Participant: 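One structure, as structure tokens, below. Some questions next.
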Protein chains: 2
Amino acid sequence: MIQTDLIKGSLRTIVLKLLKENGRMYGYEITRRVEELTAGKIKLTYGALYPVLHKLESEGVLVTEQENYNNRIRVYYSLTEKGHSMVSEKIRELMEFIESLQGIVNPQTNPNYA
Amino acid sequence: MIQTDLIKGSLRTIVLKLLKENGRMYGYEITRRVEELTAGKIKLTYGALYPVLHKLESEGVLVTEQENYNNRIRVYYSLTEKGHSMVSEKIRELMEFIESLQGIVNPQTNPNYA
DNA sequence: TGAAAATATATAAGATGTTTATATAATGTA
DNA sequence: TACATTATATAAACATCTTATATATTTTCA
């Protein structure tokens, strides 16, 4: 696990993207999924994740449902209509950002390289 | 110009990478170069850039030289030995981060996708 | 059976980093 | 002459992240 500070700024979009794909997820599941998708390179911290989830909920982007599973409470998060309508745009922005970063880090593959 | 908040965390590495490639640069030049390399998509703000430059200088990663050009002072930044020895590692981390992000945003191209 | 690891959510304090606004000033361009 | 560009810089406000901490159940391994 290397990059932690790099995540800044993309965490929201990552959460939205995963929820779009999976319908609904709980916090712990999100951290597992991110580890899975990044071969263990990105490990989300709960101190970062939960505030983001709560913020997105307060903004009306997510809703929660609590369920009982094995005597434990699970809080499932899913996109609202508002969430659905913003997630595509957010993903597009993130992809553009990734491309831009590549243009800087790997300029030989970049047509804008002067 | 779309992503501003996404830059968070990668700004330091971007600056280091550009200085490695160009030998020495001044602040304004760095913002221009980033715009150039990203087709205008990333525009660094000076409020973010200068604090980063000053911090890197105080950490011994960069040194400055002031020069006069057209009656204006230009502050050139360049890597120290310490800066040179850390920049490759930082770039590697950023590239790994980019790959990880792609694994999340574009999972069909990701071998870790379960 | 007992201990450790994994599962599961959450908050607070402190640190860090960014945006926005502001100040200053010279040169180039229309 | 006025506006855009070039050029550096700081401060206040805001947003975000890390680290530490608390709690509790289930699963796994020895």
Side-chain angles (χ1 to χ4, degrees), chain A residues 1-16 24-36 40 42-59 61-78 90 93-94 97, chain B residues 1-16 24-36 40 42-59 61-78 90 93-94 97:
Chain A
M1 178 184 46
I2 307 162
Q3 345 75 308
T4 41
D5 49 320
L6 287 171
I7 278 285
K8 290 171 207 281
S10 17
L11 183 49
R12 279 172 78 103
T13 304
I14 289 171
V15 167
L16 292 173
R24 62 172 206 172
M25 300 177 88
Y26 51 100
Y28 187 75
E29 190 185 8
I30 292 173
T31 66
R32 308 260 67 174
R33 193 91 184 101
V34 168
E35 276 185 57
E36 209 176 286
I42 296 182
K43 297 194 189 204
L44 302 185
T45 59
Y46 302 113
L49 178 62
Y50 285 112
V52 164
L53 287 171
H54 299 330
K55 183 114 193 268
L56 288 171
E57 189 187 3
S58 79
E59 289 172 2
V61 176
L62 304 180
V63 283
T64 60
E65 338 160 51
Q66 297 199 1
E67 269 180 40
N68 227 290
Y69 179 79
N70 270 351
N71 292 329
R72 279 180 233 157
I73 289 174
R74 266 192 195 162
V75 184
Y76 280 98
Y77 297 86
S78 52
K90 283 282 177 194
E93 275 180 32
L94 184 56
F97 173 64
Chain B
M1 178 184 47
I2 306 160
Q3 344 78 309
T4 42
D5 49 318
L6 288 171
I7 277 284
K8 289 170 208 279
S10 17
L11 183 50
R12 279 173 77 102
T13 304
I14 290 171
V15 167
L16 293 172
R24 62 172 206 171
M25 299 178 89
Y26 50 99
Y28 186 76
E29 190 184 6
I30 292 172
T31 65
R32 305 260 68 172
R33 193 90 184 103
V34 168
E35 277 183 58
E36 208 175 287
I42 296 183
K43 297 193 190 206
L44 303 184
T45 58
Y46 302 112
L49 177 63
Y50 286 111
V52 163
L53 288 171
H54 299 330
K55 183 113 192 270
L56 288 170
E57 189 187 1
S58 79
E59 289 171 1
V61 175
L62 303 182
V63 282
T64 59
E65 338 158 52
Q66 296 201 1
E67 271 181 41
N68 225 292
Y69 180 80
N70 270 350
N71 293 327
R72 276 180 235 158
I73 290 173
R74 265 191 196 161
V75 184
Y76 280 97
Y77 297 86
S78 52
K90 282 285 177 190
E93 275 179 33
L94 184 57
F97 173 65

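Given the structure is predicted, the values throughout are model-derived calculations rather than measurements. Here is the naming used below: chain letters follow the sequence lines, and residue numbers restart at 1 for every chain. Because only heavy atoms are used, hydrogens play no part in the values below, and waters and symmetry mates are left out as well, while side chains stay in.
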Participant: Any idea which of D/dA9, C/dA8, C/dT18 is nearest the A/Y28 side chain?
Facilitator: C/dA8

Participant: Would you kindly compare B/A48 and B/Y26 by the position of their nearest DNA chain D nucleotide and give the one closer to the 5′ end?
Facilitator: B/Y26

Participant: Could you please name the option among D/dT18, C/dA10, C/dA8 that lies closest to any side-chain atom of A/V75?
Facilitator: C/dA10

Participant: Rounded to whole angstroms, how far apart are OH on B/Y50 and P on C/dT20?
Facilitator: 18 Å

Participant: Sugar-phosphate means primed atoms, P, OP1 and OP2; the rest is base. With that split, encode nucleotides 20-27 of chain D 5' to 3' as B, S or - using protein heavy atoms under 4.0 Å.
Facilitator: -----BSS

Participant: Apply ring pair (Phe, Tyr, Trp, His ring centres under 6.0 Å) to A/Y46 and list each qualifying residue two or more places apart in sequence or on a separate chain.
Facilitator: A/Y50

Participant: Counting heavy atoms from C-beta on, name the nucleotide in C/dA8, C/dT19, C/dA10 closest to the side chain of B/T45.
Facilitator: C/dT19

Participant: Salt bridge or not for A/E29 and A/R33, using N-O below 4.0 Å?
Facilitator: no

Participant: Side chain of A/V52 only, please: which of C/dA8, D/dC17, D/dT6 is the nearest?
Facilitator: D/dC17

Participant: Is there a donor-acceptor contact under 3.5 Å linking the side chains of B/R74 and B/Y26?
Facilitator: yes

Participant: Would you check if there is a donor-acceptor pair between the side chains of A/T13 and A/E93 at a distance under 3.5 Å?
Facilitator: no

Participant: Using OP1 and OP2 only, check whether a side-chain N or O of B/H54 sits under 4.0 Å from D/dT10.
Facilitator: yes

Participant: Rounded off to whole Å, could you give me the CG-to-P distance for the A/L53 and D/dT16 pair?
Facilitator: 13 Å

Participant: Name the nucleic acid region contacted by B/Y76, choosing base, sugar-phosphate or nothing; use a 4.0 angstrom heavy-atom cut-off, strictly under.
Facilitator: nothing

Participant: How many whole angstroms separate atom CG of B/L49 from atom C1' of C/dT18?
Facilitator: 12 Å

Participant: For C/dT16, does OP1 or OP2 lie under 4.0 Å from any side-chain N or O of B/K55?
Facilitator: no

Participant: From C-beta outward on A/P51, which listed nucleotide comes closest to its side chain: D/dA7, C/dT11, C/dT7?
Facilitator: C/dT11

Participant: Check this for me: does any side-chain nitrogen of one of B/E59 and B/K55 sit under 4.0 Å from a carboxylate oxygen of the other?
Facilitator: yes

